[in-house]
Amino acid sequence: MNDLESRQLRYFVAVAEELNFGRAAERLGMAQPPLSRAIRELERGLGVRLFERTTRQVALTPAGEVLLRDARTALEAITAAARRAVHAGRPAPELRLALKADFDAGLLPQFLAAYREEPEAIPVELVLGGRGDQEAALRDGRADVAVLPELTDDRGLDVEPLLTEPRLVALAASDPLAARSSLSLSDFAGRVLPDGRPAELGGLPPGPGGDGGPGRPAARGSFAESRRPVRDLTELFSLVELGGVIWFVPVSIARRHARPGIAYRAVGDLPPTEFSVVWPQDCRSPAVAAFVRAATAVAAAAQPVIDAQPLDVPGPAGPARPAEAGQRADAAGAAPSPRPGSSEMNPVTVRR
């Protein structure tokens, strides 16, 4: 068996993901005949069939399924190696911190302020993305460390828990459930979250058959058929206000996004959000280690304050008065203003 080339793996992954040679060729920017020849050569070199082909469909064989999993990992590692080498060779490298905007328990300013005090601190570049993008950014070399509330796949990553934060349900202010004095997850049977998952599972991945598809009750409103990922908070809140979906939201986000058309309510058996700091397992960067130390110290100090806070959020009648809003921010442990000159010492840049 000959050594595999990255080109062969890219061709194979494209066909395996598209299960159509024409679409895979278009995705790769090449003609279909040379792609088909390359796949046949790969199969001959390995001595196994990777695809079952008929006139109507293309399907992966068991050997193809195994190769797809490992090929993705191998291509990811190659891409990451190149990106990390380029980053390390810069005259002034930065710590690339991946996160989804607002999903930081309200502590990002404090994380950065504490990190600036570390001797190994370097300038920070925020790598902003949607839900789930942070893990991919760590694996493919676009980020060095991440803060996230939900780790779906810890393959190749080290994880340090930071803190837990209560979640509330966000629902339309006109929703009958908004008038209830107490709620439990069972009250949301038949409702869906913005990504289509059944709401009564509390935001956990659904089990077999529990995907909100055929056989489930329709969601309240007229948007149950939409399964396009919602990446923007403004869009998400608009869908909630219209009554098409509900959302389980960390309380720090609810406090920062009080809207007249949305009611935030406590749910008795809703599990909290668990924030973590995550980085690649093979990382040996002193700057990453310094950020992990700073973030864990800030989170440890903030957890008792978060636990002691009431869950009340300004209701549909309007947002809190400025003085009340300031008191809530103080109670949440809002970061102090940066020291004079601190932003110049360790600036923060943003990349999306």
Does a side-chain heavy-atom distance below 4.5 Å link Leu151 with Ser276? no
Any donor-acceptor N/O pair, Arg96 side chain to Gly141 backbone, under 3.5 Å: yes
Under the salt bridge (charged side-chain N to carboxylate O under 4.0 Å, His left out) rule, what do Arg142 and Glu125 come out as? Steps first, then yes or no, please. CA-CA 11 Å; Arg142 286 176 291 140; Glu125 177 186 0; over 6 Å; no
Is there a side-chain contact (heavy atoms from CB on, under 4.5 Å) between Glu17 and Arg27 once you walk through the steps? CA-CA 11 Å; Glu17 291 180 345; Arg27 167 174 156 181; 2.5 Å; yes
Any Lys/Arg nitrogen of Arg284 or Asp144 sitting under 4.0 Å from an Asp/Glu carboxylate oxygen of the other? no
Taking atom CD of Gln303 and atom CG of Leu107, what is their separation to the nearest 0.5 Å? 9.5 Å
Taking side chain as C-beta onward, heavy atoms only, is Arg139 less than 4.5 Å from Thr73? no
Of all heavy-atom pairs linking Ala170 and Val249, the shortest is CB-CG1, 4.1 Å
CG of Leu60 to CG of Leu67: how many Å apart, nearest 0.5 Å? 9.0 Å
So, for Ala98 and Ala143, which heavy atoms are closest and what is the spacing to 0.1 Å? CB-CB, 3.7 Å
Could you walk me through whether Val240 and Ile246 pass the side-chain contact (heavy atoms from CB on, under 4.5 Å) test, one step at a time? CA-CA 6 Å; Val240 172; Ile246 64 173; 5.8 Å; no
Side chains of Leu171 and Arg265: does their closest heavy-atom pair fall under 4.5 Å? yes
Glu118 atom CD, neighbour heavy-atom count above 12 within 6.0 Å: yes
To the nearest 0.5 Å, tell me how far Ser182 OG sits from Asp187 CG. 7.5 Å
So Phe275 and Leu148, side-chain contact (heavy atoms from CB on, under 4.5 Å) or not? Walk me through it. CA-CA 6 Å; Phe275 288 89; Leu148 65 164; over 6 Å; no
Please check: side-chain N/O of Arg180 versus main-chain N/O of Pro176, any donor-acceptor pairing under 3.5 Å? no
Please give me the minimum heavy-atom distance between Ser36 and Phe21, naming the atom from each residue. OG-CD2, 3.6 Å
Kindly assign one of parallel, tilted or perpendicular to the pair Phe12 and Phe51, based on the angle between their ring planes and the thresholds 30° and 60°. tilted
Do Leu50 and Val15 make a side-chain contact, defined as non-hydrogen atoms from C-beta onward lying under 4.5 Å apart? no
Between the CD atom in Gln309 and the CZ atom in Arg255, the distance rounded to the nearest 0.5 Å is 4.0 Å
Does the plane of the ring in Trp247 sit parallel, tilted or perpendicular to the ring in Phe103? Use 30° and 60° as the thresholds. tilted
With the side chain counted from C-beta on, respond yes when Glu52 and Val58 share a heavy-atom pair under 4.5 Å apart, and no when they do not. no
Consider only side-chain heavy atoms of I, L, V, M, F, W and Y, link residues closer than 4.5 Å, and tell whether Val292 and Leu138 are in one cluster. no
Under the side chain to side chain donor-acceptor pair (under 3.5 Å) criterion, do Glu200 and Ser186 qualify, and how do the steps go? CA-CA 6 Å; Glu200 66 265 31; Ser186 61; over 6 Å; no
Does a side-chain N-to-carboxylate-O contact under 4.0 Å join Arg167 and Glu274? no
Within the side chain of Asp133, is there an N or O that forms a donor-acceptor pair under 3.5 Å with the backbone of Gly130? yes
Verify the cluster assignment for Leu68 and Leu9: are they in a single hydrophobic cluster under the rule of side-chain heavy atoms below 4.5 Å apart? yes
Starting at CG of Leu95, measure out to CZ of Phe291 and round the result to the nearest 0.5 Å. 7.0 Å
Using the rule that two of Ile, Leu, Val, Met, Phe, Trp, Tyr join whenever any of their side-chain heavy atoms come within less than 4.5 Å, decide whether Tyr11 and Ile78 are in one cluster. no
Nearest heavy-atom approach of Ala114 to Val298 is CB-CG2, 3.6 Å
Check whether Asn20 reaches the backbone of Arg23 with its side chain - one donor and one acceptor, N or O, closer than 3.5 Å. yes
Got a salt bridge between Glu5 and Arg10, using NZ or NE/NH1/NH2 to carboxylate O under 4.0 Å? no
Cluster link Val267 to Leu177, ILVMFWY, side chain under 4.5 Å: yes
Check for a donor-acceptor pair, side chain of Ser184 on one end and backbone N or O of Gly268 on the other, with a separation under 3.5 Å. no
Under 3.5 Å: donor-acceptor pair, side chain of Asp102, backbone of Ile253: no
Looking at Phe188 versus Phe248, is the centre-to-centre ring distance below 6.0 Å? yes
Value rounded to 0.5 Å, distance of CZ in Arg72 from CG in Asp70: 11.0 Å
For the pair Leu193 and Leu201, evaluate side-chain contact (heavy atoms from CB on, under 4.5 Å) and give the outcome as yes or no after the intermediate values. CA-CA 10 Å; Leu193 301 176; Leu201 295 180; over 6 Å; no
So, for Gly106 and Pro109, which heavy atoms are closest and what is the spacing to 0.1 Å? O-CD, 4.1 Å
Does the pair Arg53/Glu43 count as a salt bridge with the N-to-O cut at 4.0 Å? yes
So do Ile306 and Val251 actually touch side chain to side chain, heavy atoms under 4.5 Å? no
State plainly whether one hydrophobic cluster holds both Leu112 and Val278, where clusters connect Ile, Leu, Val, Met, Phe, Trp and Tyr through side-chain heavy atoms under 4.5 angstrom apart. no
Are Arg293 and Glu120 within salt-bridge range, i.e. N to O under 4.0 Å? yes
Close side-chain approach of Val147 and Leu162, heavy atoms under 4.5 Å: yes
Ignoring hydrogens and angles, tell me if any N or O in the side chain of Thr164 forms a donor-acceptor pair with the backbone of Pro272 under 3.5 Å. no
Can Arg191 and Asp175 be counted as an ion pair, charged N to O under 4.0 angstrom? yes
Grab the two heavy atoms, one from Ala199 and one from Leu185, that are nearest each other, plus how far apart they are. O-CD2, 3.9 Å
Side chains of Ile122 and Tyr115 in contact at under 4.5 Å (non-hydrogen atoms): yes
If only atom types and distance count, is the side chain of Glu165 paired as donor or acceptor with the main-chain N or O of Ser252 below 3.5 Å? yes
